[in-house]
Amino acid sequence: MSPPVLEARAENAAFRKTILAAFRFMLLARLLDDKFAALYRAGKIHGGVFLGRGQEALSVSIGISLKKNDIFAPLIRDAAGRLAFGETVLDAVRTHMGSALGPMRGRDGNVHRGKPLEGSLPMISHLGAMISVVNGMLFARRLQNRHGTVGAASIGDGATSTGAFHEALNQAAVEKLPLVLVVADNQYAYSTPTSKQFACESLADRAIGYGVEVQNVDGTDLFACLKTLGEAVLRARHGGGPQMVVARLLRLCGHGEHDTADYVDPKLKNSPLGRDCLKAAEETLLRREWLDASTLASMRREVVREIDETVAQVQREPAPDPFAENWTAISCGHLAEGDEGNQGDNMPARKS
Amino acid sequence: MTITYLEAIREAQARVLRDDPRVFIYGQDVGRFGGAFKATKTLALEFPGRVLDAPISEDAIVGLAVGAAIEGMRPIIEMQFADFSTVAFNQIVNQAATLFWRTNVPCPITVRLPFGATSGSGPFHSQCPEAVYAHFPGLIVLTPATVEDAYSMLIEAVALDDPVIFCEHKLLYYHLKAEKLPREAIPIGKARIAREGRDLTVVTYGVMVHEALEAASELSDEGWETEIVDLRSVKPLDTDTVIASVARTGKLLCLGEAWPWGGVTAEIIARVAAEGLDLLDVPPQRLNARDTPVPYHPNLWAAHRPTARSVAAAARNLLRH
Ligand SMILES: Cc1ncc(C[n+]2csc(CCOP(=O)(O)OP(=O)(O)O)c2C)c(N)n1
């Protein structure tokens with residue numbers, strides 16, 4: 001047995017490695033989000049753009065606490081968590097830019113992306129709806145005698161008011177599933193403040209009502225988020241049943257890039273909730289000398305280069321072709337209705 | 001030995017549970033209790049751990065099924081009544097129905113809906129939501145009208161790689177009987193000629209097949225021969241069989257227990273009008289339930305839904321045109 005001092009040191013080294021990896025994912029997510037915002041303003045993106053600015057510490061802590069065979073159902077503010085769980089910048093960019101080569105093939109866009117067979121679920125827009133799908137995957141694995149994996153789902157304060165959220169949380173509790181439900185209480189649901197969203201003291205009360213273990217965490221503190229999420233995932237993995245984590249923070253952007261968010265109370269922006277988690281993490285890492293200014297600068301350069309090169313590549317990729325598209329919604333092609341009952345076709349004129 | 005429509009559904013589930021380890025059943029009271037209608041009677045005992053009670057959470061029940069399907073399972077969901085599937089509507093039409101199209105990952109779930117009216121059931125235990133589900137791309141919607149179809153179509157539904165809305169009619173559960181379970185079956189997607197006739201085509205499905213058959217024998221006494229097309233599956237809809245029948249008779253009556261607005265009967269008339277207007281001797285007609293919620297009292301209920309009597313009357317109008 002190694003002496004306790006050495007053990008502590010080794011643990012510290014491992015933790016340091018995790019923190020630095022998490023920080024890099026946060027930086028990548030932030031700069032990728034910034035890129036999407038710029039492309040949106042330049043009119044290069046079809047549809048909306050939704051950012052996770054201010055929520056990277058929480059999000060990355062989910063992704064990094066999960067293992068390869070786990071499950072993750074991210075939502076709109078989870079760029080960091082997705083990357084940490086294994087998503088490539090290429091898949092994110094392809095989906096935002098509608099590339100035919102992306103995982104959604106131009107059929108769905110922006111944050112609605114994922115690879116179900118790799119454990120990353122592509123959110124549908126309807127809030128609350130993904131949690132029970134994660135439950136189902138965990139339930140199936142139990143039926144198949146595959147144990148030891150965990151499923152995490154993200155949710156906002158607003159979406160905790162949906163029936164789907166309550167049904168799914170209760171279902172996970174009844175079935176004692178290894179679900180980790182992460183609530184980002186970012187003070188607003190679109191423009192609606194939390195005072196019009198719930199009347200209980202804390203969203204943590206929601207978990208207590210269902211017999212689910214819950215922890216509160218400061219969502220602006222990377223160190224705290226990593227610790228809390230890491231422990232929650234571990235408890236779920238080792239038979240502790242469903243876990244909920246409630247993080248308080250502030251959305252540091254509009255609901256989407258179309259939204260100026262002038263409704264956000266300036267007092268909140270200047271409160272501890274309004275602290276930028278990325279800046280805070282950077283300051284702590286520099287102060288502790290786990291990161292120095294030149295390493296940070298080169299990390300930033302690397303990240304920017306990866307993003308720019310990926311965007312340039314995707315801009316050269318083919319858009320989906322309506323003539324090559326398989327216009328059937330079901331997998332049993334022989335049962336497809338096709339254009340039955342639809343006269344004519346809606347195809348655009350072919351370019352010659 | 002005879003077997004009822006309900007027993008056929010139970011037997012079909014027993015068979016798929018036996019033959020396919022990926023199958024499990026999840027729904028309210030389906031476990032030891034055997035389901036509100038006993039469609040899963042003793043299955044929990046025979047297949048331990050695979051017939052599971054769910055909380056009253058239709059949304060989460062179907063969401064769970066979709067997740068399980070992603071992991072390679074083939075869940076059968078029992079809705080206690082079709083009416084309550086509205087609570088699961090989002091998971092059915094937005095989650096299950098879009099999964100394959102969005103991700104290329106199939107979603108083989110079967111959602112059993114005990115549907116249709118029975119006397120005294122009232123507004124919330126009687127509905128026929130088949131057209132609502134058929135409206136959404138990505139779903140297959142089945143409406144078996146016979147014991148044989150209830151059995152074979154349920155087995156085929158579970159084998160299909162797509163989400164299936166399986167509408168089983170409650171009025172047929174106990175009184176519809178067959179001598180034995182079928183060995184062969186018409187595949188899903190093909191309609192069946194339930195009765196041949198030269199004078200008029202009645203296109204229908206579900207319990208209305210039986211009202212139409214009764215009306216047809218009444219009409220036969222009057223010298224009219226009615227051809228009855230049992231759609232079996234409302235999505236996909238076997239337009240070819242319908243058009244072929246209309247080509248033989250020149251007259252079309254579409255019959256459904258559901259409400260008329262934008263429903264299956266409207267869809268059939270639209271297709272026949274577009275593809276075979278010249279086959280029709282007289283304007284096509286349809287007969288549906290009235291456009292109110294389903295009433296509770298038998299007197300009102302009997303006047304709300306089509307019956308053999310109102311089918312025969314509508315048919316006579318067409319025949320005498
Ligand atoms: C069921 C449902 N209703 C409404 C919407 C529209 N909508 C999209 S995001 C959003 C706000 C969500 O707020 P919250 O859950 O707090 O998450 P946040 O955006 O703050 O991360 C709304 C109302 C939706 N997507 N789903």
Side-chain angles (χ1 to χ4, degrees), chain A residues 71 73 103-105 107-108 112-117 119 121-122 124-126 128-144 146 151 162-175 177 326-338 340-343, chain B residues 21-22 24 26 49-50 52-73 75 87 90-91 94-95 97-108 134 136-140 160-163 187-189 233 235-237 239 267-268 270-271 274-275:
Chain A
I71 298 156
M104 310 310 281
R105 301 163 292 164
R107 291 181 174 189
D108 209 340
H112 304 90
R113 61 181 195 269
K115 293 181 171 171
L117 299 183
L121 286 177
I124 69 165
S125 292
H126 300 65
M130 302 311 298
I131 307 169
S132 60
V133 179
V134 175
N135 286 349
M137 293 172 78
L138 297 169
F139 192 81
R141 289 177 181 197
R142 185 161 71 200
L143 289 172
Q144 296 161 349
R146 291 157 61 205
T162 62
F165 168 89
H166 288 269
E167 288 195 8
L169 181 56
N170 181 58
Q171 181 182 56
V174 168
E175 289 297 335
L177 296 171
N326 177 2
W327 291 97
T328 50
I330 58 175
S331 83
C332 301
H334 71 287
L335 296 180
E337 284 259 300
E340 192 75 51
N342 239 354
Q343 312 302 317
Chain B
R22 300 170 300 177
F24 70 95
Y26 187 55
R50 295 172 66 195
L52 301 145
D53 284 333
I56 307 173
S57 300
E58 285 78 5
D59 182 288
I61 288 171
V62 175
L64 180 144
V66 173
I70 291 171
E71 291 294 299
M73 302 298 281
V87 181
N90 185 44
Q91 295 289 3
N94 289 317
Q95 192 87 264
T98 65
L99 182 71
F100 172 74
W101 181 81
R102 292 170 78 228
T103 67
N104 233 9
V105 175
C107 187
F136 283 82
L139 300 173
I140 288 170
L160 288 179
D161 269 347
D162 289 298
I188 284 174
S233 143
K235 191 171 193 179
L237 194 72
T239 317
E267 180 67 26
I268 292 159
R271 292 189 188 194
E275 292 176 37

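We name chains A, B, ... by the order of the sequence lines, and we start the count at 1 in each one.
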Would B:D59 and A:T162 satisfy side-chain contact (heavy atoms from CB on, under 4.5 Å), going step by step from the backbone distance to the final call?
CA-CA 11 Å; B:D59 182 288; A:T162 62; over 6 Å; no

Which atoms of A:L335 are under 4.5 Å from chain B, going by heavy atoms: the side chain, the backbone, both sets, or neither?
both

Cut-off 4.5 Å, heavy atoms of chain A, and the answer for B:I140 is side chain

Would the distance check show the side chain of B:D162 and the main-chain N or O of A:C332 forming a donor-acceptor pair, the cut-off being under 3.5 Å?
yes

Using atom types as modelled and distance alone, determine if a side-chain donor or acceptor of A:R107 lies under 3.5 Å from a backbone N or O of B:W101.
yes

If I measure from the heavy atoms of chain A, does B:V62 come under 4.5 Å with its side chain, its backbone, both, or neither?
neither

Name the member of A:L138, A:L143, A:N135 that forms the most heavy-atom pairs with chain B at distances under 4.5 Å.
A:L143

Under a 4.5 Å heavy-atom cut-off, does chain A meet the side chain of B:L237, its backbone, both or neither?
both

Evaluate side-chain contact (heavy atoms from CB on, under 4.5 Å) for B:T103 paired with A:M104, printing each intermediate quantity in order.
CA-CA 6 Å; B:T103 67; A:M104 310 310 281; 4.2 Å; yes

Would you call A:I330 and B:L160 a side-chain contact if the rule is heavy atoms closer than 4.5 Å?
no

Heavy-atom cut-off 4.5 Å, strictly under: side chain, backbone, both or neither for B:R102 against chain A?
both

Picking from A:A164, A:G151, A:P116, A:G114, which has the most non-hydrogen pairs under 4.5 angstrom with chain B?
A:P116

Checking heavy atoms, do the side chain of B:P55, its backbone, both or neither come under 4.5 Å from chain A?
side chain

Does A:E337 pair with B:K235 as a salt bridge, N-O distance under 4.0 Å?
no

To the nearest 0.5 angstrom, please state how far the CD atom of A:Q171 sits from the OH atom of B:Y26.
4.0 Å

Under the side-chain contact (heavy atoms from CB on, under 4.5 Å) criterion, do A:Q144 and B:M73 qualify, and how do the steps go?
CA-CA 9 Å; A:Q144 296 161 349; B:M73 302 298 281; 3.2 Å; yes

Flag the one option from B:N104, B:I188, B:I56 with the top tally of heavy-atom pairs under 4.5 Å to chain A.
B:N104

Student check: side-chain heavy atoms of A:K115 and B:V105 closer than 4.5 Å:
no

Which atoms of A:L121 come close to chain B, meaning under 4.5 Å heavy atom to heavy atom: side chain ones, backbone ones, both, or neither?
side chain

Under the side chain to side chain contact (heavy atoms under 4.5 Å, CB included) test, residues paired with A:S125 that sit two or more places apart
A:H112

Where do B:Q95 and A:M130 land on the side-chain contact (heavy atoms from CB on, under 4.5 Å) test, with the steps shown first?
CA-CA 9 Å; B:Q95 192 87 264; A:M130 302 311 298; 3.6 Å; yes

Can you say whether A:P122 sits under 4.5 Å from chain B via the side chain, the backbone, both, or neither, judging by heavy atoms?
both

Look only at the side chain of B:E71 and the backbone of A:R141, and say whether a donor-acceptor pair between them is shorter than 3.5 Å.
no

